[in-house]
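Okay, structure first, notes after.
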Amino acid sequence: MRGKGAIACAAAVAVLLPAATQAATKRVAVPEIGSPTPVAVMTGSGTIHIEAKPRVNEGLLAFAKRLCGDSRHSSALSRANGGVRRLKRGIRYKVPFDLLPRSSQEASIRALLPKDQATTDGWRHRVASSARGRKAESLWIIAEWFTGDGENHRILRQANSLTSNVIRPGQMILVPRRLLIEPFAAMLPAPPPRTAAVRTATEPTPFIRYGSDEQGEYASYRLKAGEALYSSVVMRFTGRLFAGDVNELVKEIKERNRIGNVRDLPVGYEVKIPLDLLSARYLPADDPRRVEWEAQRAAGGGIENKVLALDLDGVTVVLDAGHGGRDTGAPVGGIWESNYVYDIMLRTKKVLESRTAATVVPTTREGSTFRIDDLDVLPKSRGHAVLTSPPYRIDDGTVATNFRWYLANWIYQQRRKAGADAGQVIFISIHADSLHPSLRGAMVYIPGLVGITNNYGKTGAPYSSRREVRAGPRVSFTRSERTTSKGLSRDLAEHMLASFRNFDLAVHHNVPIRDRIVRRRGAYVPAQIRWNRVPAKILLEVGNLANEQDRRLMKTRAYRQRVAEAIVDGILSYYGVPQGGAHRAVTAGGS
């Protein structure tokens with residue numbers, strides 16, 4: 001989710017308003033927006049928009065200019081109202097939240113949430129009563145709406161000195177200033193001067209303390225109810241996700257703490273975690289690795305997509321299905337990753353081409369056509385080729401991966417020569433993980449600032465025979481280019497995961513956006529995004545095949561279709577369409 005800008009806040013508010021699902025529609029007049037007085041509407045599903053009547057003899061262009069501040073939004077207004085071209089007097093027309101000027105967005109929020117307060121230390125939200133047909137608000141919902149990430153409910157719990165996640169109607173919940181997304185952050189009064197010491201003291205930490213003993217330095221964590229050593233400690237604090245790595249570190253931490261049965265640990269048990277095992281984000285604030293991580297995290301943080309393309313006109317989407325051919329990817333539970341992510345890629349391609357004006361360029365193909373098998377369980381196939389010139393039948397997975405980024409770079413180069421803006425090309429590589437079986441859901445890898453050596457390229461057979469390699473045999477990036485790419489890629493990733501949640505698809509609960517893969521105590525950036533010149537590029541893991549539930553879903557065409565539609569919805573949202581725009585059924589099959 002975008003941290004700033006009107007369209008960004010629409011993605012947050014339109015999907016995650018904390019009125020909760022199943023609530024009755026709330027309608028409030030907002031005279032501040034103009035006359036005739038518009039009405040701010042909060043629907044039962046949690047979306048927000050305004051409804052307004054046209055003035056006498058006011059056409060669509062003038063209506064858009066008055067309410068949206070720009071007559072160019074007339075086409076979007078028309079689509080939001082069923083394609084209307086002529087406005088009728090006395091009829092209220094829908095104006096989506098993302099099309100409103102900032103002042104109108106803020107007026108709508110104030111009208112719908114009159115008991116909330118914007119204070120110097122953050123946003124104070126009054127928990128709504130559980131009206132008939134309305135589910136109670138939760139810390140998770142409030143965190144998603146105001147901060148863009150439900151995982152921040154833990155910080156909200158700490159900031160409000162709560163002993164549990166239970167909140168009650170009428171209770172005031174503080175959302176700290178530093179966590180707020182727009183437009184809430186912009187509505188706060190200026191903060192008072194604060195010293196560095198105060199900022200350090202108020203930084204939340206999950207640990208009781210940092211310390212050292214005869215075995216070395218450690219961080220001390222106290223287990224809470226329902227937490228397990230492998231998930232709540234190892235996977236959360238070390239960044240390890242692969243089953244072998246997790247099991248190895250669980251064994252090491254067991255020995256460090258003289259733990260016998262990991263399933264018999266009482267609530268409140270204090271676990272010492274060696275500092276050298278911790279992810280940089282959890283190290284002490286003055287640790288050099290933490291300082292470096294903070295600097296890298298800050299880089300690109302304010303960069304987001306500025307290109308608007310409501311029907312994706314002029315946008316090129318490079319779609320990559322991971323693995324293929326002799327490289328089957330994760331062969332778990334009788335299914336090959338390569339076949340199933342290729343099917344998702346085909347379905348994504350079809351949705352994009354049938355509903356938008358985007359140009360779709362796949363990197364691979366099986367056989368001579370892009371045919372979708374209308375099946376749940378897919379036949380195993382090794383017939384994939386990377387669509388370089390000439391095509392490369394996938395015999396070697398490493399070579400095929402290199403050809404993917406060479407192909408993406410060539411496509412990007414051609415689009416730029418044709419006059420396309422750098423932001424009009426995106427790259428999405430679709431994969432399915434094989435992690436610890438307790439993990440579920442999607443996660444996204446983006447390029448960071450490390451692990452990308454400049455002046456890189458491949459030589460010799462089979463590279464020298466491909467047009468794409470000859471056109472750009474070596475690649476290098478300036479720090480500015482890497483920073484921009486990290487920011488845009490994170491922006492795309494945030495929209496993609498928000499769309500998955502909107503489509504009720506599972507998302508990995510612990511840091512679902514990462515800039516490197518951590519494995520066997522090493523870290524690397526996947527090559528298809530590491531050497532890729534397309535500024536906005538992501539490697540999307542749509543689920544965990546080692547998890548029984550994810551694997552069972554993957555073997556159904558309905559689930560794979562829903563994933564494809566969520567991907568398209570995420571792309572549309574990235575380019576300015578309120579999320580949910582692609583949420584319509586489409587028939588599978590065809591070529």
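We count residues from 1, following the sequence as given.
Residues Leu545 and Met554 are in side-chain contact: their nearest non-hydrogen atoms beyond the backbone lie under 4.5 Å apart. With contacts defined as side-chain heavy-atom distances shorter than 4.5 Å, the pair Leu346/Tyr342 qualifies. Annotation: side chain of Val518 is not in contact with side chain of Leu241 (no heavy-atom distance under 4.5 Å). Leu435 has its side chain within reach of Met443: a pair of non-hydrogen atoms, C-beta onward, lies under 4.5 Å apart. Arg440 is not listed as a side-chain neighbour of Asn544, based on a closest heavy-atom distance of 4.5 Å or more.
A cation-pi geometry, defined here as NZ or CZ lying under 6.0 Å from the six-membered ring centre and within 45° of its normal, does not hold between Arg562 and Phe503.
Nearest heavy atoms, Leu310 versus Ala76: CD1-CB, 3.4 Å. In this structure, Asp320 and Ser429 approach most closely via the heavy-atom pair OD2-OG, 2.5 Å.
Classification of the His323-His431 ring pair by plane angle, with boundaries at 30° and 60°, yields perpendicular. The aromatic rings of Phe237 and Phe207 sit tilted relative to each other, their planes meeting at an angle between 30° and 60°.
In this structure, CG on Leu275 lies 6.0 Å from CG on Leu283, to the nearest 0.5 angstrom. Here Thr459 contributes atom OG1 and Arg474 contributes atom CZ; the two are 7.5 Å apart, rounded to the nearest 0.5 Å. Distance CG/Asn305 to OG/Ser489: 11.0 Å, rounded to 0.5 Å.
The side chain to side chain contact (heavy atoms under 4.5 Å, CB included) test with Thr348 is passed by exactly one of Leu319, Val317, Asp343: Leu319.
For the 3.5 Å distance criterion, the side chains of Arg404 and Gln528 fail to qualify, holding no donor opposite an acceptor.
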